[in-house]
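Worksheet for the structure shown next.
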Amino acid sequence: MKIISDIQELRDHLRGQNRASFVPTMGNLHEGHLSLMRIARQHGDPVVASIFVNRLQFGPNEDFDSYPRTMQADIKKLEKEGVYILFAPTENDLYPQPQEYRVDPPEQLGDILEGKFRPGFFNGVCTVVLKLFSCVQPKVAVFGKKDYQQFMILRQMVRQFALPVEILPGETIRAEDGLALSSRNGYLSIEERTEAPNLLKALQDIRNKVIELQERNINTLTSLEQAAMKFLSERGWNPDYIAIRLQRNLAPPTNANLEANEPLVVLTAAKIGKTRLIDNLEI
Ligand code: PAF
């Protein structure tokens, strides 16, 4: 595997390749990331991965400084997956000048849910992903559905800018007890790690109840969301949101959407101790 930090060197290596598949990451790789590499391998050649902890997507009180950086272990994992190039730019390589041109996703998708609790997050994500796409010029890029809103925003960005890249989803990979794999799980104490699968349990309860409902309407969905917030709060969580939304645009469903049986997704973000976890389930 070639490890490249310089944009020009990356372009030289990829010149003439028009079938590259790409998996952008912030490192600290786990099975979830590796499953994305496998999807990338099925859909393109060569496979390019990137590791870059992107300052632009962290808020001032978030964990940019403490975000786990495990480059040597990550390199070994990527080599095993047959990744051809690891693009691992420094901040100076990717942002030689302050990044003043930014991609701002539309309010109705970028300022809800994660965007409401992490202002500027999706601006930072879109900006870095557009820049990484410009460096790698992949045919295909793979993103995990654990970051459901991120996946939708990036897919929409690609459509709106007519970027010649296909965005593919990777299913959420879970530990045996159901906890979605995430680099931030490493922050959990032993007690918090034992409690953490209850986040999925809250989502599963909602999904089961929505499926069983004789008649779906906004009021019943709202009371399910509230009951799940209460369940988590009583167990010591600090939930930001549990929201049942339309899969197609993450808008709150109307009664007409519910009558038409439009596909739903339930999304959550909640803090346990100092660690903020997110998860979602399609209904
Ligand atoms: O999902 C992530 O790890 C990051 O948000 C991404 C897409 C690599 C952009 O920094």
Side-chain angles (χ1 to χ4, degrees), residues 5 7 10 20-37 39-40 47-59 62-71 73-74 77-78 81 83 85-91 93-95 99 101-105 109-110 113-115 117-136 138 140-158 161 163 165-173 180-187 267 269 275-280:
S5 59
I7 296 177
L10 177 75
S21 54
F22 179 40
V23 184
T25 80
M26 297 206 300
N28 195 235
L29 304 179
H30 49 66
E31 259 312 299
H33 296 110
L34 303 183
S35 71
L36 304 182
M37 306 295 159
I39 296 173
V47 177
V48 181
S50 68
I51 294 181
F52 181 69
V53 183
N54 173 37
R55 190 187 289 275
L56 300 188
Q57 70 190 71
F58 287 80
E62 292 185 351
D63 54 344
F64 174 77
D65 289 329
S66 57
Y67 197 84
R69 290 157 170 89
T70 51
M71 188 59 91
D74 292 347
K77 291 176 187 168
L78 292 176
E81 293 302 328
V83 169
I85 290 179
L86 168 60
F87 180 44
T90 62
E91 283 208 319
D93 289 312
L94 207 60
Y95 300 136
Q99 184 69 32
Y101 284 67
R102 301 285 193 96
V103 181
D104 214 9
L109 202 50
L113 305 169
E114 281 303 281
F117 288 91
R118 303 185 67 189
F121 171 66
F122 289 118
N123 175 307
V125 168
C126 288
T127 302
V128 78
V129 170
L130 182 64
K131 193 150 187 178
L132 291 168
F133 282 177
S134 149
C135 299
V136 176
V140 165
V142 193
F143 295 88
K145 272 164 66 175
K146 181 181 148 277
D147 297 292
Y148 204 86
Q149 190 176 3
Q150 167 175 283
F151 175 82
M152 292 196 53
I153 287 178
L154 291 173
R155 197 177 51 185
Q156 200 55 20
M157 175 182 87
V158 160
F161 286 123
L163 302 178
V165 49
E166 184 187 356
I167 304 292
L168 294 179
E171 293 303 324
T172 301
I173 305 296
L181 298 192
S182 160
S183 301
R184 290 191 169 99
N185 293 352
Y187 298 152
L267 309 103
T275 307
R276 188 173 181 279
L277 300 177
I278 63 170
D279 203 348
N280 66 79

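Whatever order the structure lists them in is the order used to number ligands and atoms, beginning at 1. All residue numbers in this chain count up from 1 along the given sequence.
Atoms of ligand 1 lying under 4.0 Å from any heavy atom of Q150, numbered from 1 in the order shown and given with element: 1 (O), 2 (C), 4 (C), 5 (O), 7 (C). Counting the atoms of ligand 1 from 1 in the order shown, those under 4.0 Å from a heavy atom of V128 are 9 (C), 10 (O).
Closest protein heavy atom to atom 10 (O) of ligand 1: Q57 OE1, 2.7 Å.
Although no hydrogens or angles enter the test, the distance criterion places no donor-acceptor pair under 3.5 Å between the side chain of T172 and the main chain of A180. Although no hydrogens or angles enter the test, the distance criterion places no donor-acceptor pair under 3.5 Å between the side chain of K77 and the main chain of L34.
A cation-pi geometry, defined here as NZ or CZ lying under 6.0 Å from the six-membered ring centre and within 45° of its normal, holds between R69 and F64.
Only the backbone of T25 comes within contact range of ligand 1, with a heavy atom under 4.0 Å; no side-chain atom does.
No side-chain N or O of Y67 forms a donor-acceptor pair with one of N54 less than 3.5 Å apart.
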